[in-house]
Amino acid sequence: MDNFRFNAPTEMLFGKGQISNLPEVLSKYGKNVLLAYGGGSIKKNGIYGKIQELLKDYNIVELNGIEPNPRIETVRRGVELCRENDIEVILAVGGGSTIDCSKVVAAGYYYEGDTWDIVIDSSKITNALPIVTVLTLAATGSEMNSGAVISKMDTNEKLGTRANCMSPKTSILDPEYLYTLPAIQTAAGTADIMSHVFENYFKKDKDAFVQDKIAEGLLQTCIKYCPIALKDPANYEARANLMWASSMALNGLTGSGKVGAWSCHPMEHELSAHYDITHGVGLAILTPSWMRYILKDETVDKFVDYAMNVWNLPYNEDKFALANEAIDATENFFKECGIPMTLREVGIDDSKFKEMAEAAVNHGNLQYAYVSLNKEDVYKIFSMCL
Ligand code: NZQ
Ligand code: ZN
């Protein structure tokens with residue numbers, strides 16, 4: 001296990017009705033609040049109304065219309081709003097897109113140049129306004145980490161940035177807020193949680209037993225509860241477990257002590273940057289093909305662990321057969337959750353594979369991945385997903 005520094009500073013308020021603590025949480029920071037949200041789901045499901053009622057004594061300015069795959073233009077608009085209105089705290093209500101956008105707005109407030117600079121170079125982030133989140137989608141883990149991913153569509157770039165000061169101060173996680181999610185968002189969110197676990201589980205370090213056992217438990221949680229949530233959207237137990245899994249999958253718990261670059265995320269970010277697809281859908285499409293591509297003598301033992309400890313598959317002397325069974329199970333699971341499982345189904349053909357493969361390798365340092373990937377490898381993986 002590699003040396004590491006683990007720091008998960010976000011206070012988590014989990015469970016039914018936790019929103020009632022919002023006035024007290026925000027009061028630590030001031031009265032001028034930027035309320036950040038997406039395309040309006042929070043108005044339809046009543047969360048917006050509840051917040052207005054609770055925050056009667058606050059001065060609220062709204063940053064609305066944050067896109068899935070949030071755009072740099074929206075971030076810039078948010079920074080201006082904060083400056084014009086002396087904002088003291090940002091309240092992000094939504095999924096990863098709203099939270100990520102809020103993080104970069106919070107940091108952009110203190111940065112004098114163009115906000116895109118702090119996306120491409122996180123060392124330029126010096127400070128951030130405090131952020132409080134109300135999570136409405138179990139997926140990214142953004143509610144409990146310091147990362148943010150922002151898109152610049154005119155140049156087809158979707159890049160991640162990170163700074164400790166962007167970690168939310170408090171996140172409110174009420175599983176009932178997930179009841180109104182469209183089925184595809186529940187499924188894609190679960191695929192995202194699983195992918196965060198895969199990215200750290202499939203690493204070269206062999207002795208991070210604690211991390212790997214937590215990882216296997218998180219994967220089993222997703223496999224058990226996503227189908228229940230899809231069948232019965234108001235199943236509290238299912239929503240609660242998926243929501244907590246989202247936060248645990250990307251708060252450093254499973255990734256600390258493991259070295260090397262991620263694999264599917266850099267590839268997916270290229271798909272989103274060029275075709276604006278849902279992050280979790282792109283990951284679900286890529287994952288089985290990536291697994292098949294990297295299955296070889298050096299990796300087969302890890303896939304055997306995955307097969308037996310996650311899918312409970314019986315031991316088979318033929319390790320490759322067992323590994324392939326687990327990969328098939330992964331693919332079937334995503335399919336049964338209703339995720340389109342080919343690139344063609346989401347409107348992607350091979351015309352940009354070369355460009356995207358090159359960018360994925362450059363942005364994602366894929367030469368340092370679990371199995372090192374160059375642009376030809378990524379091209380082949382994209383082709384397998386058609
Ligand atoms: O915009 P609204 O109207 O709110 O609708 C959203 C949006 O259309 C809807 N939604 C969210 N909660 C809902 C709901 N609809 C009904 N009921 C609810 N309770 O769902 C749609 C998708 O929302 P979005 O925030 O885009 O989804 P997600 O949480 O999956 O976030 C995806 C973004 O996060 C980035 C992704 O790349 C992508 O840009 N990621 C962020 C990470 C991080 N900060 O650590 C890591 C991830 O790997 C990921 O890259
Ligand atoms: Zn992700």
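Just follow the structure's listing: the first ligand is 1, and inside any ligand the first atom is 1. Position 1 is the first residue of the sequence; numbering continues from there.
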*Test of proximity, G39 against ligand 1: N or O pairs below 3.5 Å*: yes

*Between A139 and ligand 1, which part of the residue brings a heavy atom under 4.0 Å of the ligand: side chain, backbone, both or neither?*
side chain

*Would you mind checking which non-hydrogen protein atom is closest to atom 8 (O) of ligand 1, with the distance to 0.1 Å?*
P68 CG, 3.9 Å

*Using distance alone, determine whether L250 and ligand 1 share an N or O pair under 3.5 Å.*
no

*asked:* Is it the case that ligand 1 has an N or O less than 3.5 angstrom from some N or O of W262?
replied: no

*Output yes when R292 and D328 qualify as a salt bridge under the 4.0 Å nitrogen-oxygen rule, no when they do not.*
yes

_Charged N-O contact under 4.0 Å between K213 and D305_ = no

*Please name the atom of D192, restricted to N, O or S, that is closest to the Zn ion (ligand 2).*
OD1

*Which is closest to atom 28 (P) of ligand 1 in terms of heavy atoms, G96, S195, G94?*
G96

_CD on E270 to CD on E157, rounded to 0.5 Å_ = 8.5 Å

*With atoms numbered from 1 as shown, which atoms in ligand 1 lie under 4.0 angstrom from a non-hydrogen atom of H265?*
48 (O)

_With nothing but distance in play, are any N or O atoms of H269 less than 3.5 Å from an N or O of ligand 1?_
yes

*Where does H196 meet ligand 1, judged by heavy-atom distances below 4.0 Å: at the side chain, the backbone, both, or neither?*
side chain

_Membership question, hydrophobic clusters at under 4.5 Å side-chain separation (ILVMFWY): are L242 and I214 in the same one?_
no

*Going by the atom numbers of ligand 1, which of them fall below 4.0 Å from some non-hydrogen atom of P182?*
15 (N), 16 (C)

*In the protein, which heavy atom is nearest to atom 16 (C) of ligand 1, and how far is it?*
T180 O, 3.3 Å

*In terms of ring plane angle, is the pair Y306 and W311 parallel, tilted or perpendicular, where the classes change at 30° and 60°?*
perpendicular

*asked:* Below 3.5 Å, N or O to N or O, backbone or side chain included: is there any such pair between K103 and ligand 1?
replied: no

*Between F202 and F303, ring centroids under 6.0 Å*: yes

_Common cluster, W290/I348, ILVMFWY with side-chain heavy-atom separation under 4.5 Å_ = yes

*Using the six-membered ring of Y379, assess whether NZ or CZ of K354 lies under 6.0 Å from its centre and within 45 degrees of the ring axis.*
no

*Considering distance alone, does some N or O of G40 sit under 3.5 Å from an N or O of ligand 1?*
yes

